[in-house]
Amino acid sequence: MDQLITMNLVDLCAVLMLLTSVMAVATTRMKPLITLFSLQSVFLAAEAFIVAYTSGESHIYIMCGLTLALKVVVMPKMLLYIMGKIHVDKEIDLSIGIPGSLLASGFMIFVSYYIAEPLISTMETVERNCLAISLSIILIGLLMMCTRRKAITETIGLLMMENGLFLGAIALSHGMPLIVEIAAFFDVMVVIIIIGIFANRINKSFNSVDTSFLRRLKE
Amino acid sequence: MIAVEILQTVLLVAVAPLMAGFVSKVKAGMQNRPGSSILQPYRDLAKLCRKDRAVSRSCSWLFRLVPVVCMASMLILAAMTPFFYTGVLAPYGGLVTVVYMFTMYRFAMVLGGLEGGSTFGGMGSSREMMMSVLIEPSLLLGIATLAVLSGAGTDMGDISETIASMGIAAVGPALILAACSFMITLLAENARIPFDNPTTHLELTMVHEAMILEYSGRDLAMMEYSSMLRMNLFMALLGSLFLPWGISSTGEPVSLLVSLALAFVKLLTVAFVVALVESVLCKSRLFKVPNLLTVSFALSLIAMISLYIL
Amino acid sequence: MVGTGIDAVYLILLFVPAIAGMLLGLVKASGRIPVALCAVSCVIGMLCYPYHVYSPDLAYEIPVGSYLGSYAVSFDQLGSFFISISSTVFLMIVIHMSHSGHGYTPGYSGMCSALFLSVTLCMCAETAILLLMAWEAVSMVTFLMARAGMDEGARWRFLAVTHIGGLVLMAVYGYMWVVSGSGHLGDWDGLGTVLGQGTSMALALLLFIGFGTKLGTVPFHAWMPDMYAASPTHTTALLTTVCSNAAVLMLFRAVYSYIGADGLTDIGMVVCLLSAVTALWGAMESMVQTEPKRILAYSSMENMALVTMCLSMGLIFWNSSSSLTALVTLAGLLHALNHSVFKSLMLLAVDSVEDVTGERKIDRMGGLARVLPALSAVALVGVASLAAIPPMNGFISEWLMLQSLIGTNAISSDLRVAMPLLIAMMGVCGMIVATSYARLFGFMFLGRPRSQGAADPRPLRKGSISPMVILALLCIGMGMLSYPIMNVVSEGACLTAGIDASYRDGMSGSLEPLTLGIMILGTVAVVYAASRLLSRREEETDTWGCGGTLDERMQYSSEGFSQPIVRVFHPFYGDTSSIENGRYLTRFQEPFVKYIYNPLGTAIYRVSRQITRVQTGNIQSYLGYILVTLVVALMAVRLI
Amino acid sequence: MIPSLAVLIAAMVVSSALCIGLRRSRHVSAVMPACAFVLFALCLWVCIPVLRGETIDDGLFWMDPLSAVFMTLVGFIGFLASLYSRAYIGLEAEEGVVSRKENGIYYSLLIVFISVMMLTFTVRSMAVVWLGIAATTLVSTFLVGFYSREESTEAAWKYIILCSVGMTIALFGLTLVYASTVGVIDSDSALDWPSLMEHASELDPNMMRMAMILIIVGFGTKVGFVPMHTWLPDAHSQAPSPISGLLSAVLLNCAMYGILRFYGVSESLDPGFASTVMLVFGLVSLGAAAFFIVSSRDLKRMLAYSSIENMGLIAIGFGIGTPVAIAAAILQMTAHSVTKPILFFSAGNIIQSYGTREMSRIRGVYRSMPFTAAAMTVGTLSIVGCPPFAVFVGELSLMLGALDAGMSWTVAVMIVLLAIVFAGMARNVFPMLSGEPPEYARDLKGFSRTAPLVVLIVATTALGLFMPDAVVQCLENAASSVTGVFS
């Protein structure tokens, strides 16, 4: 019986993560975007906690702790600090408008279900339908990076792709070996730091973080 | 049989000016004027040999070599052509070599024309070359027709022998068409009327004469003699290859005499035809000449193809 | 396997000096050492055929091979004869080069030994990798040797076209390599049966195209005239003689012995047609050029077209009468050899004339025969053999070609109806080419000098006449003594191609070149002696000018000389004539360049402009590309 | 731990620390090439036995001939690049473009970059390989964005964003592979390559197909397959020449190594799938790169496109799939890694002397800089596949492999595209070499500027002309270890 409960809970958390990423695509201002990202990380941590609790894999607890510590608390603060320093205007100008990006993310969800369908039928782990959701979160993250002009939003898109990735890792195989998890985590952190540095340099030279200025190098 | 071959060559060389004289005599007759005697060419040549020559300052050593080369090539050709006996003095290479000897003769004359830097020499050479470009294919096709028709390859002695032995069977469309094309080539090669007026003195119309304008004295004699010899050889070739009946292949004196007589008759008839054409037609404009030569080329092409199709 | 000690000594003597010359040249050693080393190699190369007679199966394999097989050389009869003739020509060019006034850098003479090395390796390579490497090296070294030239575009167009030809050859040899399973060319005989009809025909066509780029077959000839005119004359001489010999030999071996010639009749016909068009086009274009080197470029194109025509006709005759095939292949190969001799003679003569008068165009030359009799005599021999005048070697190979064409009544196939057209083509071609050579010689040496440089030319450099005299004697010698040469070449060709008949019974007429030659020279001597007996008084006058005095401008110009033929063949020439500031100019637009090369170049450039629009510079579209690729790839996998 | 490997890693740590410590002093530009040489020597000490066939297999580390080939290349080109940058950056420092501090940062980043790349090839678990490749991206971002100009910031920005996206996709591919091994291999050694190869047949095929697509697209972004190549020309043209030489010669191989490892697993699971995908990407890259080269105007961008073209050729080699073709692909990879730096280093000399990268404005290099012009000619002739250089042998063996596998259409397409590449390359490079040089062009000489070029030219000629059996044996081992035939 608890098998059923865990499946429902896991699916619930995954769906909530998907919901947050769709809403992130639809926001037009920077602050709600960051809060949505931290919300998504909270759901990811919950997911990890449930899986760890049911499967008894101890190292997933560490994963859950790390996610909570870094992605919910540290990362948003850092982003807000960067935004404050660069006093970027709150407005995110989308290149294809809200209805367009929502439709696109719907298409992405459909595609990932269509692709994951043969895999799910053969898997036996309880969280098998999380695979489709994690793939769609990744694709939506990439979509967000494609349609936003601001450097900060590209970073957040990348982080959302990472969340989808970790959801997949946890759901599919009760988490990858510990060192891999931690390695992936730190890699994400370093990437964010570097992006912060370069965002700063772009801001210094173009006094705006709008990547549409970065058009010089073309054929 | 070497004696007969030598006689044949000597005869060909000796008769050449006679034939030239005969043609001018017939033409004169046609225009009912008395005209000079048949032997006049001999006298002209003798006179020229005795006179000293004037050589332009801007001529080089080649100027003196050209007449010698022309004369030599024609003499060799005389040794190669069967006249009344199928055996020839110099059977080294068949009809193809004959064509290339004519090219040698023409090449030397063109270089001679370009010597001295006179306008007429250049003009004569360039026109001569234009005409020879159009003559060459029909000449080669004519030879190919003969070779394929007789099946005896390109050796002239064998061709005339086999065609003679084939008798009437040989007189098919191929031979007749080839003979006509060869006749036109003969006229074009030897600068006769429809293509070029041999007796003209108007430099702008000359082709053959313009090239030898610079020559004088014994060089001019050699050039004149070689062009007469060329004319004679062409007529002899026409006679012995395209109408070879009666040519003797065995050495007995009787058949030799008969074929000698027949050969002379053929030579005179061809000369008469040439003279007839000259008095009837007039010299055509330079850029009308290609049309006429293309007719000759078409004739020889059809002659050869008819061999395969019929 | 290394034969007896003497074999090893011979090979060392043949290759090591050239390698040393090359390295010395690269390291910019001063002085004439690289040239001397190259000359040593050439001399040893000349002894190649006699040495082959001494020890027939000379072969050697270098222990350390490359990734794709070892480097091995082997000398068969045909290959060693080709090497001998090419090395003789190479030696003459090198001697003339060292005496010529150009003052070539040591790097250039280093390149000469590199070219000798690669050409000789082309002719005697035993493994496919060495052959391909040597072949590409030939075009690369020629490209580098042309550096001193003026026109940049010509050089890289040459490299581009020959490299594309090289790529095609790499594919063909690769295919044969894979089918035969071994890298050694020795055991590649008769792959046609394994390949099957269709593929062997395709391979044969690709081979003709691959080598056509170097020999100048019609669609690929555009680089030739510019390259010949722009590069130094000695590079042109080497390119047109030695490299063409290597190309002809490799083409012959590839088509006749590797693929095996049976069942390739249709390809034979196609290539025959193509070479006929090339020959006609080469002849006609050489009539209207104004620079000697361009005239000789188009004449090379015409001569090489005749060679490819003979080789392709061999394919047509293959299954009907093998004696005719032996005759026609002999004609082709012999013409290639003869061509390398008289073309190098002419190019050296042209170089001396340009060096002496300092003029580039024929319209600015003239009247040199009077001032430089020796040079003009040698050039006359060259021009005569180019125009196939009887005693010379040009005449012999033309005679063989015509014999094989006329002998076609023996073959049964329905293609023989096309033979008369070929005869006619050869006739027209032969005569136009003779005209253009008469024009070349006439306007360079005869008449009155048309420029100050031609009026009082510098004296000819000491010793630069000797190689030309040797080449002239070689022309006459190969013409008169061609009987033994014909036997050697035909025997080698039959050995390589597996023809069992002798070329003699393919000939429908007899030719004794020696007696013919002696008779011609004898008669000329006799007539000359006789004419001297007559009156020898001579008077110096001016050229007949209808009363007025002629100045040099009243002579015929080279355009004027070729104008009648241009009017007769006007539709093909695409010539436009106009009067500009008092001068009558005719401009010729090469139709192939106008209709094939230019559109092709612009098409590629337009496509590349479209494709580079992908690189928009904005990161959003880059990320979009990744997203689209990912989705498309996943969907593709899911659907298939 | 194997002594040689331990010493190598220790040397890496020490030299990195040394260079970072000395980054303020003037001697760093001398110390760093010495450290690079030590690393190269030690790397040879490690790799030579491995190349002969024995594999190192203990604890975290695992090396087989394939990784040994890559590692030697990294060591060799890394050392030559650092030697060349001594002259290149030295000149920039004199001209004041690069301050003392930046000079130090450059050298410390370079030594870390080389060490990280070397480590990537020694590890057993594919996850750590992924981490290694991600780390190289991070380090090289700063090298690409070394100059403070806007263009190099933009190039670095695009480089980091696109490559991180690629690495994330690849990581998801890794997770799928891990997921498909859940029932088969116990969890802690799940992503180790040897164990993956042993249990390859029991993995779940559908999952592996999806994983393979993600990995090829993910790592393909780093390799520069065409739809995802967009960052490559910008990064290579803005980075300093020694770095762009290093990037295109060795970093692309690093990413290709990641693909090759999974290519082996996928080929033994369902043969034909991974190779078809590689063939498609290879042909698309070759085609697009050919046209890019024809119409490029910037010298270093053209060389970057030629790297894409060569990576396309290598992918075609793996796309064919037969052992002969794989060996040919590895030979082509080695040839490209040895030849491409010649072009970048001589291009560096030309750009420093002429001050512009615009090919139409560079003329007369032959007269102003004879040695660099000679190197440029050799480099161009060898990269487009003229003998006697190595790329000719690589391309010819690729063609033989394709013909052997019966893909004559692929060969035909390859020939046409190689011809266009040749025409484009010749059209751009050779006019630069001839003609009249401007007066401000000066000849740059010096040991550390000419030595790397000479060494590389000798290497590419030797690789092309003579291939002793020992080297051929190493190639065969490397090829067979890709598909895990003998391990």
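Residue numbering restarts at 1 for every chain, and letters A, B, ... go by the order of the sequence lines. Just so we're clear, the structure is a prediction, and the values are computed from it rather than from any experiment.
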Polar side chain donor-acceptor pair, B:E115 to B:S60, under 3.5 angstrom: yes
C:A377, part contacting chain B, at a heavy-atom distance under 4.5 Å: both
Contacting region of B:F63 [heavy-atom separation from chain C under 4.5 Å]: neither
Pair B:S296, B:S138: side-chain N/O donor-acceptor within cut-off below 3.5 Å: yes
Heavy-atom contact with chain B under 4.5 Å, split by part of C:F395: side chain
Residue, of B:D158, B:D155, B:D219, that accumulates the most heavy atom pairs under 4.5 Å with chain C: B:D155
Side chain / backbone / both / neither for C:I520 at chain B, heavy atoms under 4.5 Å: both
Most chain B-contacting option - heavy-atom pairs closer than 4.5 Å, from C:M425, C:E540, C:M426: C:E540
B:L62 portion near chain C, given a 4.5 angstrom heavy-atom threshold: side chain
C:D363-C:S557 side chain donor-acceptor pair, cut-off 3.5 Å: no
Most contacts with chain B, counted as non-hydrogen pairs under 4.5 angstrom, among C:G366, C:S376, C:A387: C:S376
For the student: nearest non-hydrogen atoms of B:S126 and C:F561, plus distance: CB-O, 3.3 Å
Heavy-atom contact with chain B under 4.5 Å, split by part of C:L380: side chain
Choice from C:G560, C:G430, C:C429, C:A424 maximising heavy atom contacts with chain B below 4.5 Å: C:A424
Side chain, backbone, both or neither of B:S73 within contact of chain C (heavy atoms, under 4.5 Å): neither
Contacting region of B:L213 [heavy-atom separation from chain C under 4.5 Å]: side chain
Most contacts with chain C, counted as non-hydrogen pairs under 4.5 angstrom, among B:I76, B:L140, B:L75: B:I76
Residues B:R53 and C:E539 bridged, charged N to O under 4.0 Å: no
Contact origin within B:V133 toward chain C - heavy atom pairs under 4.5 Å: both
Greatest number of heavy atom pairs closer than 4.5 Å to chain C - which of B:T119, B:V55, B:V68: B:V55
Between C:A388, C:A384, C:G367, the one whose heavy-atom pairs under 4.5 Å with chain B are most numerous: C:A388
Toward chain C, the part of B:Y100 with a non-hydrogen atom under 4.5 Å: both
More than 12 heavy atoms from other groups under 6.0 Å of CZ on B:R57: yes
Residue among C:T435, C:T523, C:T541 with most heavy-atom pairs under 4.5 Å to chain B: C:T541
Which atoms of B:A79 approach chain C - backbone, side chain, both or neither, heavy atom under 4.5 Å: side chain
For chain B, the option from C:A369, C:G427, C:G442, C:P420 that forms the most heavy-atom pairs under 4.5 Å: C:P420
Residue selection (most heavy-atom pairs with chain C, distance under 4.5 Å) from B:S132, B:P290, B:G94: B:S132
